[in-house]
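In what follows, a structure is listed as structure tokens, so that the remarks can point back to it.
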Amino acid sequence: MNDESRFRDELITLATEAGEYLAYLREIGVESLEGSLRSDAARRAEQVVKAATPDAAHSSPALERNARAAAAAAENVSSTADSSGMPHRTEAAQSSQQIEMVKRSSKQSNAPEPPPPPQETLFGEITPQDEASLPRSNETLEDIRADITPQCMRCPLCCQGRTQVVNSEGNPQARLMFVGEAPGADEDAQGRPFIGRAGQLLNKMIEAMGMKREDVFIGNVNRCRPPQNRTPSPAEAKTCKPFLLREIAIVQPEVIVVLGNTAMKNLLDTKEGITKLRGQFQDYNGIKVMPTFHPAYLLRDPSKKREAWEDLKTTRDYLQGKLQQ
Ligand code: URA
């Protein structure tokens, strides 16, 4: 790779990462980190320009302009919030357009495009599933709901103040699934998973990944609210978990993000803690499992949002085929 190509790639990565990261920080409300990130982005852009000068940037003034545009795009994203700290969608979109323009003009002013990635098989999936993978289920999500019944009394949570059973929801063909612990007060009242404060943060995290809530599938290990939001006991989790596993066998997502210790320990049958395993893909019957912090924990300790974002970016990159794992 010559200096110009390396320089161009660095610019694109810089602009994309800085833009995405700033947008995410805005989305999830970590404004305090922005100042340092913004100057960091500008500083890195300057370094790239300096490193490339005089060899690459001088020989191509367009490249130097692109470097400055990359820094400006990153700056622009960080200055698009309204007084509540939330981004203006149009301005955020302008910033990503700016980044796109940087990408395009960098491509124009440089060497030929890289070859396209190899084509997928023309005839769908022809590779047989390996033995470690989850067998296809022949039941439906409705079958599972009917089996649970709204009056479920299989575990003590039936009779400790729950209003209703909170079933999973989402796209039955989702490539991405989120699994939490158990419903809280809002979920118990409305009968839907992750719709309270933690759920609103989860929605923002999904959007920051470039997806919508309707694209994914969302469930919990336990479907009834434990009193005072206590952690479900191992026996309660053991009783309810099979319904979740049956749903996983139907949906067959490519990645399951387990939110917090309880969900992770239950799905992976591990005694390790979330701090140790977060960010590293684990395996559940051939499905990638990404452990990360629970959004309720992120609300209590916003400094952990940065690590959670790293985990979500790894997940997104894997789904976009950018990671070989
Ligand atoms: N926390 C969870 O783990 N699940 C929900 O549905 C809501 C909050």
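Ligands are counted one by one from 1 in listed order, and the atoms in each one are counted from 1 as well. Residues: numbered from 1 along the sequence shown. No hydrogens, no waters, no symmetry mates; every other heavy atom, side chains included, goes into these values.
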Practice item. Distance to 0.1 Å, residue and atom name: give those for the protein heavy atom nearest to atom 4 (N) of ligand 1. Key: N220 OD1, 2.8 Å
Check your understanding: With R230, which residues qualify under side chain to side chain donor-acceptor pair (under 3.5 Å), at least two apart?
Key ->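 Partners of R230 by the side chain to side chain donor-acceptor pair (under 3.5 Å) criterion, ordered by chain and then number, come out as Q160, E236.
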Below 3.5 angstrom, do we get any N/O pair linking [X] and ligand 1?
{"X": "E187", "value": "no"}
{"X": "G184", "value": "no"}
{"X": "G180", "value": "no"}

Review point. Counting from 1, what ligand 1 atoms have a heavy atom of H294 closer than 4.0 Å?
Key: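 Heavy-atom distances to H294 below 4.0 Å select 1 (N), 2 (C), 3 (O).
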Practice item. Answer with yes or no whether A182 contacts ligand 1, where contact means a heavy atom under 4.0 Å from a ligand atom. Key: yes
**Study point:** Qualifying residues under ring-ring contact (aromatic ring centres under 6.0 Å, His included), relative to F217, sequence neighbours excluded
**Key:** none
Study note, to complete from the structure: Checking V257, I206, L202 against V216 for side-chain contact (heavy atoms from CB on, under 4.5 Å), the one that qualifies is I206
Point to revise | Nearest candidate to atom 3 (O) of ligand 1, where distance is taken over non-hydrogen atoms, out of R192, R225, E181 | key: E181
Review point. Can you name the nearest heavy-atom pair linking V221 to C240, along with the distance?
Key: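 Heavy atoms of V221 and C240 come nearest at O-CB, 3.4 Å.
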Point to revise | Check: T314/D311 side-chain N/O donor and acceptor closer than 3.5 Å | key: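 The criterion, which ignores hydrogens and geometry beyond distance, is not satisfied for D311 and T314.
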Practice item. Run the salt-bridge test on R192 and E169 with the 4.0 Å N-O cut-off and return the result as yes or no. Key: yes
